[in-house]
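In what follows, every chain begins at residue 1, and chains take the letters A, B, ... in the order their sequences are listed. All of these numbers come straight from a predicted model, not from anything done at the bench.
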There are 2 protein chains.
Amino acid sequence: MLTEERHQLIRDRLAADGKVLAGELASRFGVSEDTVRRDLRELAKAGQLRRVYGGAVPSGPFAAAPLSQRSRHAVEEKTRLARAAVALLGTGQSLFIDGGTTNEAIARAIPRDMELTVATNSLGVASALTDLPLVELIVLGGRYVPDLGTCVGTDTLAAVAQLGADLFFLGSCGLDITRGVTAFDSAEAEVKRAMAKNSAGIVIAVTNDKLATAAPYRVAGADAIRHLVVERTAPAATLADFQSRGVQVHFA
Amino acid sequence: MLTEERHQLIRDRLAADGKVLAGELASRFGVSEDTVRRDLRELAKAGQLRRVYGGAVPSGPFAAAPLSQRSRHAVEEKTRLARAAVALLGTGQSLFIDGGTTNEAIARAIPRDMELTVATNSLGVASALTDLPLVELIVLGGRYVPDLGTCVGTDTLAAVAQLGADLFFLGSCGLDITRGVTAFDSAEAEVKRAMAKNSAGIVIAVTNDKLATAAPYRVAGADAIRHLVVERTAPAATLADFQSRGVQVHFA
DNA sequence: GCATGTTTTGCCCGTTCATGCAAGAAACAG
DNA sequence: CTGTTTCTTGCATGAACGGGCAAAACATGC
């Protein structure tokens, strides 16, 4: 039984059943579970499946949920980031919040007794805020983009143009000291630019994997950021670059 | 049974039924209730559902009422109504859908392979539609009203004015043969009127308790309704009144 | 054929993770 | 207010995990 042969069978079985179990594969292939675990580890590294305790599940296309599941560590890390980001808020402020899982975590981290006015084009953020009695919520409508979980387009831009905010929580982007804040989608970037233009300060909370990466569309320069919320393990050199541009860095 | 697998099944069931019960899931999965509770807690932490006493409901505006209040009969009845309402749809049509639990049930009942363009001011309806790959979703933004679960105001009206639809699913209102369709809120009624004006036909699906009741604000006359979807147990006399005004009555 | 280096595999061990159970707290129903 | 159900927390147990190691299988060069 060749290694490559096993890999192909695992892929097939995953596509057919939607999951595989390490123990089951071991007995089916006649190899030890350690070998199967190694196979799964390699396939996961290549992005062909997602490793979970006890086996593996498909990655990507099968993850139909808009708030696609991330690893447990990522969830907790984002929650920590969110708490630190919320600490920047003052009662009575008005905010723009756009899309991304980190921004959704921030929305969930807002305490119930905080009075705010929030405008968002993210359905996830909006849903999280509907529970909060003291938050005045303004939904920025438009054409909904499933991949982003947000609304974009001319309608969205028109709605943003009529509003102003103290802070703008800018999410799910690439962040690079020279290229600044960048987005993966043209229409998305346009909305972000409009929000940035109409707010007094920009807040960005990112996990380490987003630091020092860049996407095609430019949103704002690094010096436009007022607050940057990062993990404690973020590389100090990168942070120093941002700080030299006047960015205030906060640790989760 | 993989933990991840249970999580996916819980998400699916929640999307299909609008609720899950801890005990029921435990026996279905063959695990202890503690494990199910842990699953629900994790999913709630990730923002994928909202935990309530006895089980969980979808996150966002669905969750306003505790589980006890959403009686089993009402959920099942609304699901039946929803199926009958969806039968009125044709591929490629464009729709307005406004708020209300019945309209949310209708949104959830739309099959995955149906191609539609849907504009809605209800966050609950929008959330339900984000899963559907062939639905072009337009979110009608504006000031969010927690009690209604919908957006209203001038922004909403402006967005509606730019659109047209084949059918308008008008929800959560009073219905009376002489006073017609009525709403509880002034701004809400205004949005409903705008949607009615820009659509070719109005569809109303109601449970029996909404028949022959009226609210302060008038939306449309009884003869403006094209399709009325009701329970099998709806009083025949009332239905005959509507039919004499040219309303097509459909039973769930 | 023989020696050598590489890859694969199985085993061991300390660690992490999922699960069920028990006890106390909280929420609901009557 | 009282009893019951459900929930959370802590804990113990067994399964799954990753890393290290050595043997086996394989490839390569002489």
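A donor-acceptor contact under 3.5 Å is formed by the side chain of B/R38 with the base of C/dG20. Side-chain atoms of B/Y53 stay outside donor-acceptor range of the base of C/dA26, with no qualifying N/O pair under 3.5 Å. Side-chain N/O atoms of A/R41 and base N/O atoms of D/dG19 include no donor-acceptor pair closer than 3.5 Å.
Phosphate contact (OP1/OP2 of C/dT9, side-chain N/O of A/R37, threshold under 4.0 Å): absent. Under 4.0 angstrom from either OP1 or OP2 of C/dT9 there lies at least one side-chain N or O belonging to A/T3. The phosphate of C/dT19 (OP1 or OP2) has no side-chain N or O of B/T35 nearer than 4.0 angstrom.
Rounding to whole angstrom units, NE2 of residue A/H7 and P of C/dT8 are separated by 9 Å. Distance B/E42 CD to D/dT8 P: 12 Å, rounded to the nearest Å. Residue B/M1 contributes atom CE, which lies 14 Å from atom C1' of C/dT19 at whole-angstrom precision. Nucleotide D/dT6 holds its P atom 11 Å from the CZ atom of B/R51, rounded to whole Å. At whole-Å resolution of the value, CD in A/E33 and P in C/dC11 are 11 Å apart. A/E5 has its CD atom 15 Å from the C1' atom of C/dT8, to the nearest Å. What separates CG of B/L2 from P of D/dA15 is a distance of 16 Å, to the nearest Å. Atom CG of A/D34 and atom C1' of D/dA24 are 16 Å apart (whole Å).
The number of heavy-atom neighbours closer than 6.0 Å to CZ of B/R28, taken from other residues, nucleotides and ligands shown, is 12 or below. Counting non-hydrogen atoms of neighbouring residues, nucleotides and ligands closer than 6.0 angstrom, the CZ atom of A/R11 exceeds 12 such neighbours.
A/E24 has a carboxylate O that lies under 4.0 Å from a charged side-chain N of A/R13, or vice versa, which qualifies the two as a salt bridge.
The aromatic rings of A/F96 and A/F168 sit perpendicular to each other, their planes meeting at more than 60°, with 30° as the lower class boundary.
Across all strands, A/V52 comes closer than 4.0 Å only to sugar-phosphate atoms, never to a base (heavy-atom distances).
Counting only heavy atoms from C-beta outward, the side chains of B/T150 and B/V191 never approach each other to under 4.5 Å.
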